[in-house]
There are 2 protein chains.
Amino acid sequence: MPKDRTNKVSCSNYRCEIEITLELISGKWKAIILWNLGNHEIIRFNEFRRIIPEITQKMLTQQLRSLEEDGLINRKVYNQIPPMVEYSLSEEGKKLMPILEQMDKWGKNYVDNYKKTKQY
Amino acid sequence: MPKDRTNKVSCSNYRCEIEITLELISGKWKAIILWNLGNHEIIRFNEFRRIIPEITQKMLTQQLRSLEEDGLINRKVYNQIPPMVEYSLSEEGKKLMPILEQMDKWGKNYVDNYKKTKQY
DNA sequence: TAAGGTAGTTACAAAAAAGAAACTAATTAA
DNA sequence: TTAATTAGTTTCTTTTTTGTAACTACCTTA
């Protein structure tokens with residue numbers, strides 16, 4: 001009869017806020033968007049399209065709106081023609097950057113260790 | 001004419017290993033699986049099913065295999081009847097734990113700041 | 001007068017992820 | 001001999017995510 005090792009976990013039940021955090025930055029584009037905002041301070045809509053050429057307008061709008069709704073980025077609209085909209089990290093968004101940096105480091109190290117056996 | 005702020009980003013092009021890291025832990029179950037392994041050392045297949053009751057057998061196998069293939073967890077099979085299979089974090093997987101911890105902390109703080117306005 | 005730049009929206013289609021339910025094999029215990 | 005336990009597999013369906021392509025409005029420049 002196996003010992004029960006499922007005693008204590010450091011979050012309520014077995015779930016935790018990792019899932020929330022992960023959800024906010026998951027998907028094909030959100031992390032790239034946040035990361036670029038972390039490095040550029042302010043990025044406009046079409047600047048994003050130049051920085052991330054593969055993203056479609058639809059996905060870009062969708063992801064930006066979602067990030068805004070979640071309070072990770074700010075959207076500042078200048079009421080002028082031609083339109084000008086500036087995106088930037090919110091305070092909460094800025095607090096995410098150390099995590100993204102760690103993920104970047106971990107990923108680089110992982111690729112170094114595994115590039116012999118796996119392809120990306 | 002707007003200034004071009006898209007000069008330097010701290011990874012090749014605009015993409016970076018964040019995407020790789022994120023891919024490895026994304027999905028509905030992987031982070032929970034890793035987090036629990038970080039807290040329990042060893043977990044058997046059916047133990048996982050008790051810890052995470054909502055997961056189906058199919059998803060559990062699928063995610064465990066994927067994590068194993070990516071080198072984040074170890075799968076140790078004891079050739080006996082009834083079968084016994086022990087899952088644990090690999091060295092690379094262990095290195096992920098500080099990131100998950102930070103994500104947990106960030107998420108908790110985020111929920112504190114935003115629970116007034118948003119529901120989860 | 002037509003093209004180009006701004007920041008989008010809309011409808012539809014394809015692909016990927018997740019879930020439901022039934023099935024497997026070997027052994028032991030009742 | 002029937003049920004329970006282990007660790008899964010398989011097929012099919014639903015849901016979610018992502019992509020394609022065309023369209024909008026307003027103004028400036030050629």
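Naming convention: chains lettered A, B, ... in sequence-line order (proteins, then strands); numbering from 1 in each chain. The basis for the numbers below is simple: all heavy atoms, side chains too, and nothing from hydrogens, waters or symmetry mates. If you're wondering where the values come from, they're calculated on a predicted model, not measured in any experiment.
Atom C1' of nucleotide dA7(C) and atom CD1 of Ile51(A) are separated by 16 Å, given to the nearest angstrom. If you take CD1 of Ile25(A) and P of dT17(D), they are 15 Å apart, rounded to a whole angstrom. Atom pair Glu54(A):CD and dT17(D):P shows a separation of 21 Å (rounding to whole Å applied). One can place CD of Gln80(A) at 12 Å from C1' of dC26(D), the figure rounded to the nearest angstrom. In this structure, Tyr78(A) atom OH and dG5(C) atom P are separated by 23 Å, rounded to whole Å. Between the CD atom of Glu86(B) and the C1' atom of dG8(D) there is a distance of 17 Å, given to the nearest Å. Going from atom OH of Tyr87(B) over to atom C1' of dG8(D) covers 8 Å, rounded to whole Å. Rounded to whole angstrom, the span from the CE atom of Met84(A) across to the P atom of dC27(D) amounts to 17 Å.
In this structure, Phe48(B) reaches neither bases nor backbone, as no heavy-atom distance under 4.0 Å exists between it and the strands shown. Looking at heavy-atom distances under 4.0 Å, Arg75(B) makes contact with sugar-phosphate atoms alone, never a base.
Partners of Ser66(A) according to the side-chain hydrogen bond (donor to acceptor under 3.5 Å, both in side chains) rule, which considers only residues two or more places apart in sequence or in another chain, are Lys30(A). Among residues two or more places apart in sequence or in another chain, the side-chain hydrogen bond (donor to acceptor under 3.5 Å, both in side chains) test is passed with Lys58(B) by none. Residues meeting the side-chain hydrogen bond (donor to acceptor under 3.5 Å, both in side chains) test with Glu92(A), sequence neighbours left out: Lys95(A), Asn113(B). Shown here are the side-chain hydrogen bond (donor to acceptor under 3.5 Å, both in side chains) partners of Lys94(A), two or more places apart in sequence or in another chain: Glu91(A).
Between Arg44(A) and dT6(C) there is no side-chain polar atom (N or O) within less than 4.0 angstrom of OP1 or OP2.
Nearest to the side-chain atoms of Lys28(B) among the listed nucleotides dG8(D), dG8(C), dG19(C) stands dG19(C). Of all nucleotides listed (dA7(D), dG8(C), dG19(C)), dG19(C) comes nearest to the side chain of Trp29(B). Of all nucleotides listed (dG8(C), dT9(D), dT5(D)), dG8(C) comes nearest to the side chain of Arg65(A).
Annotation: proximity of residues 55-63 of chain B to DNA chain D (heavy atom, distance under 4.0 Å) is found for Gln57(B), Lys58(B), Thr61(B), numbered in ascending order.
Each of Leu72(A), Ile42(A), Leu67(A), Leu89(A) was checked for a side-chain contact (heavy atoms from CB on, under 4.5 Å) with Leu37(A), and the lone residue meeting it is Leu89(A).
Of all the heavy atoms in Ile25(A) and Leu22(B), the pair that sits closest is O-CD2, 3.4 Å.
Sorted by first and then second residue, the pairs that involve residues 83-109 of chain A and meet ring pair (Phe, Tyr, Trp, His ring centres under 6.0 Å), not counting sequence neighbours, are Trp106(A)-Tyr110(A).
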